[in-house]
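For reference, the structure is listed below as structure tokens.
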Amino acid sequence: MTVRVRLAPSPTGNLHIGTARTAVFNWLYARHHNGTFILRIEDTDRDRSLPRHTRNILAGLAWLGLDWDEGPIYQSRRIERYQAVVEQLLDQGLAYRCYVSEAELEEMRIAQKAAGKAPRYDNRHRFLTEAQRQAYEAEGRQPVIRFKIEEPQEISWVDLIRGQITWNTQDLGGDMVIARADGYPLYNLAVVVDDIDMGITHVIRGEDHIANTPKQILLYRALGYEPPQFAHSPLILNPEGKKLSKRDGATSVAEFQQMGFLPEALKNYLALLSWSPPDGEEIFSLEKAATLFDFERVTRSAARFDWDKLNWLNSQYIKQLSPAELVERLTPFWQAAGFDLTTVPDAAWLEDLARLIADGIDRLTEASSLSRFLLQDPISYTLPALEQLRLPGVAEAMRAMATTLAQADLPEISVQSLKPLVDQVAKAQGMKKGLLMKSLRAALTGDVQGPDLMESFVLLQRRGWALPRLEAVQRLLA
RNA sequence: GCCCCCAUCGUCUAGAGGCCCAGGACACAUCCCUUUCACGGAUGCGACAGGGGUUCGAAUCCCCUUGGGGGUACCA
């Protein structure tokens, strides 16, 4: 039997990080078993489903590189199929029309709550007579379709992650609605019909679906099919252990992209939440993880989202990139920062810049501030930089540096060729090298900290910006 | 309220009765490297929620308590 799994996001919002993790598990499982990964868009909620959310979900999965083999299949295009199944259940006497209004339902729940009981539908319309039914119809009431749930009855399944889970049908809230008054199918019905039609063998989803599982198993039985295997993964919680929400910094994959995370780092991190490879390695590609993945090694407890760890992982991936790849990844962020990349000396220069700053950043967005003095002219000076430049003897040293640089006959511009010039100035000015270096940094970059100074000096010189900066300092200090 | 699930350092986790006075990673602290900030290297800090069992022996098995999470829709 070949493995067929699916990701079934609902386009009522953007691609959520939790959905992305479910996608990762599905992808890993499918690839591990050489199976098929199907994407299905669950857009049966006409009021809340939006095309732009669907686009966001598709784009997010593509960005992450979680490629699917079939789909996307849209449930909204299969409404007739679900309606046919509803008719079938009605004909078989397994479902019935319920005319109870929302107000009556609400009233019932309030009474139940007041009595200290669990809110549930009391199946009051399960045995309506033909006359009663006609009376409601005459009132103009539009019925919902409810699927009969026999009580009491134990439903249990062996969850691939959690082991056996047992549910009593008494705790399911009464006969469940499978189609709304407007004839549209509801989630539980549509899921089961689709999973049957699509030949899904393993349903891998979040823990929040555990309570839906017994209802779905009942539906499988009613339709004459064996339920698939279920694997309910733990949820991802925010750092406080609560449900992830917008105020936790980011919940949608697109936001992580904008924040400068690499898709491979994010995937890696998501795979590492509640799963770990047997070898204990923490940095791995999903392709590698796929060869190792199984549910045995998935934890049962929810994991908190840790920004520090994600940042660290991302920094590790950034360091691994080749200069050319770095430039490619960094370019959108440089452009977003407003830098004009068309005027840089050449491609090699840009690669050298990328390499220079790569060690100092966790996220791609940080590159703009680190490389600003190399991509934008003129520069502004921070307060500490100005203080540094106003130290006694610094103005003269900078002037000497400018003169020395202007007169130097450099065979090539490199750390090797520039270093002697700095040493020469330090000696001539009788200035400590540390002081000179700090001052030089302030003059060239406008700040007292930043990437390696000599490398920065080289890049500036190659752009022809070093001398003008030293001269600008003269005017500044005059 | 009721039902279900879960419980090892601050966080992510390893651990499936003796290999564990519990290992790794992130974070944090100190030191080294360094013109700076980082990177890198070294060291340190730091946990089996509590209580009962079972057993020669429990982080590992069972029960209870506590805590956390999920569900309880004509949402998915």
Side-chain angles (χ1 to χ4, degrees), chain A residues 8-13 42-45 47-49 75 98 100-102 105 109 112-121 142-146 159 161-163 165-168 170-173 176-188 190-191 205-214 232 234-235 237 239 241-243 269 272-276 278 280-283 296-297 299-313 315 319 357-362 370 384 388 422 432-442 445 447-454:
Chain A
S10 167
T12 52
E42 310 225 317
D43 53 353
T44 52
D45 186 333
D47 299 329
R48 300 194 303 148
S49 296
Q75 289 191 324
C98 168
V100 179
S101 70
E102 304 243 26
L105 240 24
R109 289 187 190 117
Q112 286 161 339
K113 196 170 183 183
K117 290 179 179 168
R120 71 194 314 277
Y121 169 64
Q142 293 288 317
V144 298
I145 310 299
R146 284 186 186 269
D159 196 279
I161 293 174
R162 283 151 207 285
I165 297 179
T166 304
W167 214 283
N168 195 302
Q170 289 169 125
D171 300 316
L172 256 25
M176 67 164 157
V177 179
I178 54 173
R180 312 194 228 209
D182 65 6
Y184 253 62
L186 245 28
Y187 168 73
N188 281 124
V191 169
R205 69 209 332 184
E207 193 182 1
D208 48 338
H209 282 291
I210 289 182
N212 285 320
T213 307
H232 289 97
L235 267 20
L237 271 23
K242 304 289 179 193
K243 198 166 183 168
Y269 181 65
L272 221 37
L273 285 181
S274 298
W275 179 77
S276 61
E281 285 302 317
E282 298 204 303
I283 298 177
E296 288 276 291
R297 299 193 62 83
T299 323
R300 287 161 303 280
S301 49
R304 299 183 191 207
F305 196 89
D306 183 6
W307 288 100
D308 283 332
K309 185 96 175 213
L310 209 215
N311 281 332
W312 171 78
L313 209 46
S315 75
K319 283 187 235 308
I357 59 175
D359 272 355
I361 61 176
D362 287 341
L370 274 179
Q388 179 69 35
V422 176
K432 285 207 165 177
K433 188 125 173 273
L435 178 58
L436 178 62
M437 293 291 270
K438 280 183 178 175
S439 307
L440 198 51
R441 176 184 291 283
T445 75
D447 204 348
V448 292
Q449 50 177 274
D452 184 87
L453 181 57
M454 290 311 294

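Residue numbers start from 1 in every chain, and the chains themselves are labelled A, B, ... in the order their sequence lines are given, proteins ahead of strands.
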*Give the C-alpha distance, both sets of side-chain angles, the deciding distance and a yes or no for side chain to side chain donor-acceptor pair (under 3.5 Å) between A:Arg297 and A:Ser274.*
CA-CA 8 Å; A:Arg297 299 193 62 83; A:Ser274 298; over 6 Å; no
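In summary, of the residues considered (A:Ile145, A:Val144, A:Val177), a side chain to side chain contact (heavy atoms under 4.5 Å, CB included) with A:Cys98 occurs for A:Val144 alone.
No contact: A:Ser315 has no heavy atom under 4.0 Å from any strand. Note on A:Arg48: a base of the nucleic acid sits closer than 4.0 angstrom, heavy atoms only. Using a 4.0 Å heavy-atom distance criterion, A:Lys432 is classed as making no nucleic acid contact. Using a 4.0 Å heavy-atom distance criterion, A:Lys242 is classed as a sugar-phosphate-only contact. Heavy atoms of A:Ser301 sit under 4.0 angstrom from primed sugar atoms or phosphate atoms, though from no base atom. Base engagement by A:Val144 is indicated by at least one non-hydrogen atom pair under 4.0 Å involving a base atom. Using a 4.0 Å heavy-atom criterion, one finds that A:Glu282 contacts the bases of the nucleic acid, with or without backbone contacts as well. Using a 4.0 Å heavy-atom distance criterion, A:Thr44 is classed as a sugar-phosphate-only contact. Across all strands shown, A:Ala211 has heavy atoms under 4.0 Å from sugar-phosphate atoms exclusively, and none from any base. If you check every strand for non-hydrogen atoms under 4.0 Å, A:Pro234 touches nothing. Using a 4.0 Å heavy-atom distance criterion, A:Asp447 is classed as making no nucleic acid contact. Within the 4.0 angstrom heavy-atom criterion, no nucleotide atom of any strand lies near A:Gly280. Looking at heavy-atom distances under 4.0 Å, A:Gly173 makes no contact with the nucleic acid at all. Using a 4.0 Å heavy-atom criterion, one finds that A:Ala181 contacts the bases of the nucleic acid, with or without backbone contacts as well.
Both distances falling under 3.5 Å, in either a Watson-Crick or a G-U wobble arrangement, occur for no nucleotide opposite B:rA47. Remark: B:rU30 base-pairs with B:rA42; criterion is Watson-Crick or G-U wobble with both hydrogen-bond distances under 3.5 Å. B:rC19 is unpaired under the Watson-Crick or G-U wobble criterion, no partner having all donor-acceptor distances under 3.5 Å. B:rA58 is unpaired under the criterion used here, namely a Watson-Crick or G-U wobble arrangement in which both key atom distances are under 3.5 Å. Using the Watson-Crick or G-U wobble rule with both distances under 3.5 Å, B:rG1 pairs with B:rU72. The pairing partner recorded for B:rU66 is B:rA7, the criterion being a Watson-Crick or G-U wobble arrangement whose two distances lie under 3.5 angstrom.
B:rC45 and B:rG10 have their C1' atoms separated by 12 Å, given to the nearest Å. Of the C1' atoms belonging to B:rC2 and B:rA25, the separation is 40 Å, rounded to the nearest Å. For the P atom pair drawn from B:rC48 and B:rA22, the interatomic distance equals 10 Å after rounding to whole Å. Rounded to a whole angstrom, the distance from the P atom of B:rA27 to that of B:rA73 is 43 Å. With both ends at atom P, the span from B:rA49 to B:rU8 equals 6 Å, rounded to whole Å. Rounded to the nearest Å, the gap between the P atom of B:rU30 and that of B:rU72 is 49 Å. The C1' atoms of B:rC19 and B:rA58 are separated by 15 Å, rounded to the nearest whole Å. Going from the C1' atom of B:rG51 to that of B:rA29 covers 36 Å, rounded to whole Å.
The salt bridge (Lys or Arg N to Asp or Glu O under 4.0 Å) search around A:Asp182 returns A:Arg46, not counting sequence neighbours. In this view, A:Arg48 and A:Asp45 satisfy the salt bridge (Lys or Arg N to Asp or Glu O under 4.0 Å) rule, not counting sequence neighbours. Listed by chain and residue number, A:Asp447 satisfy the side chain to side chain contact (heavy atoms under 4.5 Å, CB included) test with A:Gln449 (two or more places apart in sequence, or in another chain). Applying the salt bridge (Lys or Arg N to Asp or Glu O under 4.0 Å) rule to A:Arg120 yields the partners A:Glu151; only residues at least two apart in sequence or on another chain are considered. With sequence neighbours left out, A:Lys433 forms a salt bridge (Lys or Arg N to Asp or Glu O under 4.0 Å) with A:Asp423.
Ranked by how close their nearest RNA chain B nucleotide is to the 5' end, A:Arg441 and A:Lys117 are led by A:Lys117. Heavy-atom distances to RNA chain B give each of A:Ala8 and A:Ala302 a nearest nucleotide, and the one nearer the 5′ end belongs to A:Ala302.
First and last contacts of RNA chain B with chain A, using any nucleotide atom under 4.0 Å from a protein heavy atom and ordered 5' to 3', fall at B:rG1 to B:rA76.
The two residues A:Ile210 and A:Arg162 make their nearest non-hydrogen contact at CD1-CD, 3.9 Å.
A salt bridge between A:Lys309 and A:Glu282 is present, with a side-chain N of the basic residue lying under 4.0 Å from a carboxylate O of the acidic one.
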